[in-house]
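Encoded as C-alpha cells, the structure appears first; notes follow it.
Quick caveat, the model's predicted, so the values are computed rather than measured. Letters A, B, ... mirror the listed sequences (proteins, then strands); counts begin at 1.
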Protein chains: 4
Amino acid sequence: MTPVNDQPAPERPGRKRSEDSRMAILAAASELTAEVGYAGLTIEGIAARSGAGKTTIYRWWPSKADVLLDALATKADLYVPVSDEGSYTADLSAFLTASFALGRNPQVAEVLCALMAEAQINPEFGKRFRASFLQNRRDALGVILDRAQARGDLPPGLPPATITDIVFGTLWYRLLATRQPLDQQLANELVSTLTGPRSDSAAPASRRRKQP
Amino acid sequence: MTPVNDQPAPERPGRKRSEDSRMAILAAASELTAEVGYAGLTIEGIAARSGAGKTTIYRWWPSKADVLLDALATKADLYVPVSDEGSYTADLSAFLTASFALGRNPQVAEVLCALMAEAQINPEFGKRFRASFLQNRRDALGVILDRAQARGDLPPGLPPATITDIVFGTLWYRLLATRQPLDQQLANELVSTLTGPRSDSAAPASRRRKQP
Amino acid sequence: MTPVNDQPAPERPGRKRSEDSRMAILAAASELTAEVGYAGLTIEGIAARSGAGKTTIYRWWPSKADVLLDALATKADLYVPVSDEGSYTADLSAFLTASFALGRNPQVAEVLCALMAEAQINPEFGKRFRASFLQNRRDALGVILDRAQARGDLPPGLPPATITDIVFGTLWYRLLATRQPLDQQLANELVSTLTGPRSDSAAPASRRRKQP
Amino acid sequence: MTPVNDQPAPERPGRKRSEDSRMAILAAASELTAEVGYAGLTIEGIAARSGAGKTTIYRWWPSKADVLLDALATKADLYVPVSDEGSYTADLSAFLTASFALGRNPQVAEVLCALMAEAQINPEFGKRFRASFLQNRRDALGVILDRAQARGDLPPGLPPATITDIVFGTLWYRLLATRQPLDQQLANELVSTLTGPRSDSAAPASRRRKQP
DNA sequence: GCTTAATCGAGACGGTACGTCTAGTCTTCGC
DNA sequence: GCGAAGACTAGACGTACCGTCTCGATTAAGC
C-alpha cells in the first residue's frame with residue numbers, strides 16, 4: 001500500500017527505512033483522526049504525535065490521506081470473505097453482511113468518508129484511491145458475480161457492473177449522505193432486489209424470470 | 001437559500017443588503033470552481049474576483065461550500081420534474097432521466113462532488129447540505145413514490161426509503177467513485193430493477209398492480 | 001476645540017447638531033481610554049459605548065485622537081494660572097507647581113502621552129496638536145517670561161524660547177520616557193536652575209558655585 | 001538586540017537562523033519607514049520587500065517597532081563618544097554636540113520619534129525601549145557625570161538624575177514637539193545653564209575653557 | 001402647515017492588515 | 001545517508017477596524 005519504494009530489490013546504500021517510524025506515523029494518523037477528525041488532521045500533527053520529522057512523512061506519502069489509506073490497509077482486516085457459499089444469493093448475502101458490518105464500525109466509517117471526500121478534492125489522491133481501494137472492493141464482488149455467472153444462477157437482465165454500482169452505491173450513500181446505520185435489513189432488501197422477485201411467498205427459486 | 005435573515009418582516013434599520021454583491025459573489029464562486037477546482041477555491045479569491053470584501057462573504061455565508069451551494073440553488077434549474085406521467089414506471093423513468101441528465105453536466109457534477117466531500121469534512125456544512133439539498137432531492141422522489149402508493153402500482157417488498165437509497169446511491173456512486181458517465185442505460189436498468197418484472201405470471205403490461 | 005463648523009453665522013436650515021451626542025461621545029472616549037488604553041480605543045468602540053453612529057463621529061472629528069483632545073479640553077481645567085506672583089521666580093515656581101500637579105493625574109498623563117504619540121505617527125493630527133495644545137502651553141509660559149522681561153528680573157543669557165524648551169522638555173521627558181513622578185523637587189530644581197544664582201554679587205544661595 | 005535566543009550555548013538541533021533573512025528584514029524596515037513613514041510601515045510590507053515570510057518576522061520580533069529598534073541598533077553608530085575631554089564642561093559639550101548632530105539626521109529622527117510614540121501606545125514595547133535604548137543613552141551621560149563628580153567639577157545643587165532629565169528632555173522635546181532643528185546654539189545654552197553661572201557680565205567668551 | 005435641509009441611529013459595503021496556521025522545502029546536526 | 005529538529009518562503013485563514021455609503025426617522029427653520 002505504500003505508494004513509493006516497492007521495488008523488490010532494496011539493495012541500496014544508506015540507512016534502511018525505519019519500520020518503527022512507519023508504524024508510529026500510521027498509528028498517530030489513526031489516533032488523531034479519531035480525536036480531532038479528518039479536518040483537524042495535519043501532517044505537522046502526525047509528525048509531532050509520532051515523533052517523526054515532517055520530512056520523513058513527506059518522503060514516503062504524498063498527502064495525509066495517503067497516510068490514512070495506508071493505515072487503514074495495514075490495520076484493518078478490511079477484506080470481506082468471498083468464499084463460495086453455494087449460491088449467488090448466499091454469496092451476495094454474506095458479502096453484504098460482512099461489508100455492512102465493517103461499515104458499522106464508526107472508526108472505519110469516518111476514515112472511509114474522509115478518504116472518499118479527499119478523493120473528490122485532490123484528483124491525484126482520487127486516482128490512487130479508486131485504483132487501489134475502490135477497485136479492490138469491486139473486484140471482490142466481481143469474484144462472486146463471476147462465480148454466479150459460471151454457476152448460472154446470476155439473474156439475467158442486469159450487467160455485473162450495474163449490480164456492483166447498485167451495491168456499493170447504496171452502501172456509500174448511507175455512509176456519506178444519510179448517515180443512517182448500515183442495518184442488516186437493508187442488506188436483505190438489496191439481496192432480494194438483486195437476486196430477483198422478492199417473490200411473494202412461494203417459489204423463491206423460479207423468481208428471476210422475465211416471462212415464464 | 002441564504003442562510004441568514006429570512007424573517008418575513010425585514011423592517012430593520014440600516015443599509016439594505018446589496019443584491020449586486022450577492023450575485024457577483026455567487027458568480028465568482030462558480031467561475032472560480034470551474035477554473036481552478038474546488039481545492040483551489042478560496043474566500044480571498046472569490047472576494048477578489050467579485051470585487052466584494054471578505055467581510056461581506058463571511059457576513060452571509062459560513063464557508064466557501066455554502067457559497068457554492070447557494071450559487072447552485074440560485075443558478076441551476078436543479079429541480080427535476082415530478083409531474084404525473086401516469087404510472088410509477090413512467091414517473092420513475094422521467095425522474096431518473098432528468099436527474100442523470102443534470103449529473104451529466106460536468107460543471108454541476110464537479111460542484112456536487114465537492115459539496116458532498118465538504119459535507120464529510122465539515123460537519124456543520126454537512127448538516128446544512130443534508131437538510132437542504134439532499135433532503136430536497138429525496139422529497140422529490142418521495143412525491144413519486146407516494147403517488148405510486150396511492151395509485152397502487154408500487155411494487156411490494158421494498159420500502160420507499162430503500163428505493164430512495166438505491167436510486168440516489170447509484171447516482172452518487174457513479175459521480176463520486178467511478179466517474180463513469182451517467183448514461184441512460186443505467187437509468188433504464190435501475191427502473192426495471194426497481195419496478196421489477198418479478199411480476200408474477202402473465203401480463204407484462206399490467207404488472208405493477210398489487211393484485212390483478 | 002471642535003475642528004469643524006465654527007463659522008460665526010450658523011444660520012442654516014436643518015437639524016442642529018446634538019449636544020447630547022457630542023458629550024456622550026467625549027465621555028465614552030475618555031472612559032474607554034481609561035479602560036482599554038489608547039491602543040484599544042476605536043471609533044467603533046466609541047460609537048457603541050456612546051450610542052452614536054460612526055457617521056456622527058466622523059462628521060465632527062477627523063480621528064480618535066481629535067476626539068480625545070476635544071474631551072481633554074472640554075473636561076480638564078487644563079490651564080494653569082499665570083497670575084502675577086510678584087517675581088519671575090515666584091511666577092515660574094507657581095507655573096511649574098501647577099503644571100506638575102496636572103501631570104501627576106494619571107488619567108491626564110495617559111491621554112497626553114497618547115496624543116503626543118499620535119502626533120508623531122499622524123502628521124495631520126500633529127499639526128493640530130502642536131498648534132492648539134502645545135502652543136497654548138508655550139504661550140502661557142510666554143506670558144510669565146514677557147512679564148519677567150518687562151519687570152527686568154529675567155536672568156540674561158538664556159533666550160525665552162530656550163527656557164520654554166527646557167521647562168516643557170523636562171516635563172514631557174518625565175511623562176514619556178522615564179515615567180517617574182513629576183515631583184515637586186524637580187520643579188524646584190528647574191526653577192533654581194533657570195532663575196539661576198549666576199546672580200553675581202548678591203547670591204542668596206551660594207551653593208552652586210564651582211569655587212567660592 | 002535580538003530579543004530571543006541569546007543563550008551562550010546554541011547547541012540545538014535543526015536549521016540555524018538565517019543571517020541573510022535577518023539583514024534583509026532590517027534593511028527593508030528601514031527603507032520602508034523612509035518611503036512611507038512609520039504609520040505606513042506594516043509587517044506584511046516588510047515581508048514582501050525583504051522576501052521573507054511573515055512567520056519569520058513574527059518568530060524573532062514581537063512588533064514592527066522592535067524590528068526598527070533592532071535596525072537602528074545594528075546600523076547606526078548610535079553611540080556618541082564619552083571620552084574624557086578634561087573637564088565636565090568639555091565632556092558635556094562634546095556629548096551634546098554629538099547627540100544633537102545625530103538627531104539632526106532626519107532618518108534617525110523620524111525613527112526615534114516613531115519608537116518613542118510606539119512606546120506610549122504599546123506598553124510592552126515601551127518597557128523594552130526604555131530598558132534598552134533610553135537607559136543606554138542615560139548611562140552614557142552618566143559616565144560623564146560620574147567622572148565630573150570624581151574630578152570634582154560637577155556644580156553642586158543639581159542631582160545627576162535631574163541633569164540627565166533636563167538634557168534628554170530638551171533634546172526629545174525638540175524632536176517630538178517643536179520639530180525645530182537641534183542647533184548647536186541650543187547645545188551651548190544647555191551646557192552653560194548646566195555648568196553653572198554663565199558668568200555674569202564679564203568674560204562670556206572664556207567660560208567654556210577647560211583651564212587656561 | 002409644508003417644505004427643505006441637515007442631523008441622527010443603524011448597519012452593510014469595499015478594503016487593509018492583523019496574527020495564526022499549515023503546507024512543503026531546506027539546512028544542520030547526530031547516529 | 002537516514003532521520004529529528006526546526007527555520008525557511010508562501011499564502012489562506014477568519015477577525016477587527018477603517019472610512020464610506022445608504023437607509024429611514026427626526027428635528028428644526030423658512031416659506
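Panel note: side chain C:K64, backbone C:Y38; a donor-acceptor pair is recorded below 3.5 Å.
Which of F:dC18, E:dG19, F:dT15 sits closest to the side chain of D:E44 comes down to E:dG19. In the set F:dA7, F:dC17, E:dA10, the nucleotide with an atom closest to the side chain of C:T55 is E:dA10. Closest to the side chain of B:R15, from the set F:dC21, E:dT25, F:dG19, is F:dC21. Which of E:dC18, E:dT22, F:dC13 sits closest to the side chain of D:T42 comes down to E:dC18.
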Please determine whether side-chain contact (heavy atoms from CB on, under 4.5 Å) holds for the pair D:Q107 and D:V111, giving the CA-CA distance in whole Å, both sets of side-chain angles, and the decisive distance to 0.1 Å.
CA-CA 6 Å; D:Q107 293 253 27; D:V111 170; 5.8 Å; no
Show, in sequence, the C-alpha distance, side-chain angles and deciding distance for A:T74 and A:M23, and conclude whether the side-chain contact (heavy atoms from CB on, under 4.5 Å) test is met.
CA-CA 9 Å; A:T74 298; A:M23 295 311 289; 4.2 Å; yes
Starting from the C-alpha separation in whole Å, work towards a yes-or-no answer on salt bridge (Lys or Arg N to Asp or Glu O under 4.0 Å) for A:E35 and A:R49.
CA-CA 12 Å; A:E35 288 173 26; A:R49 166 74 69 108; 2.7 Å; yes
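When the side-chain nitrogen and oxygen atoms of B:T56 are compared with OP1 and OP2 of E:dG15, none of them lie within a distance under 4.0 Å. Checking the phosphate oxygens (OP1, OP2) of F:dA29, a side-chain nitrogen or oxygen of C:K16 falls inside 4.0 Å. Side-chain N/O atoms of C:S21 include one lying less than 4.0 angstrom from OP1 or OP2 on E:dG9. Within the 4.0 Å cut-off from OP1 or OP2 of E:dC13, at least one side-chain nitrogen or oxygen of B:W60 is found. Distances shown here put a side-chain N or O of C:R59 below 4.0 Å from the OP1 or OP2 atom of E:dC8.
Per the geometry, CD1 belonging to A:I57 stands 9 Å off P belonging to F:dA4, to the nearest Å. Summarising the geometry, the separation between CZ on C:R17 and C1' on E:dA5 is reported as 18 Å, rounded to the nearest angstrom. Rounded to a whole Å, the CG atom of D:D20 is 16 Å from the P atom of E:dC26. In this entry the distance linking CD1 of C:I46 with C1' of E:dG9 reads 17 Å, nearest Å. Here the C1' atom of nucleotide E:dG15 and the CD1 atom of B:I25 are 14 Å apart, to the nearest Å. The CD atom of D:E124 sits 14 Å away from the P atom of E:dG19 (whole-angstrom rounding). Going from atom CZ of C:R22 over to atom C1' of E:dC8 covers 17 Å, rounded to whole Å. Whole-Å rounding puts the B:W61 CH2 to E:dA12 P distance at 13 Å.
With a 6.0 Å cutoff to the six-membered ring centre and a 45° limit on the axis angle, C:R17 counts as a cation-pi contact of C:W60.
Two residues, D:A52 and B:I43, neighbour DNA chain F, and the one matched to the more 5' nucleotide by heavy-atom proximity is D:A52. Across the interface with DNA chain E, nearest-nucleotide mapping of A:K64 and B:K54 shows B:K54 to be the residue nearer the 5′ end. When each of B:S18 and C:S18 is assigned the nucleotide of DNA chain E with its nearest heavy atom, C:S18 is the one assigned upstream, toward the 5' end. Residues D:E19 and B:Y58 both approach DNA chain F. Their nearest nucleotides, taken by heavy-atom distance, put D:E19 toward the 5′ side.
Using a 4.0 Å heavy-atom criterion, one finds that C:G45 contacts no nucleic acid atom at all.
Of the options C:D66, C:D70, C:T56, a side chain to side chain donor-acceptor pair (under 3.5 Å) to C:W61 is made by C:D70 and by none of the others.
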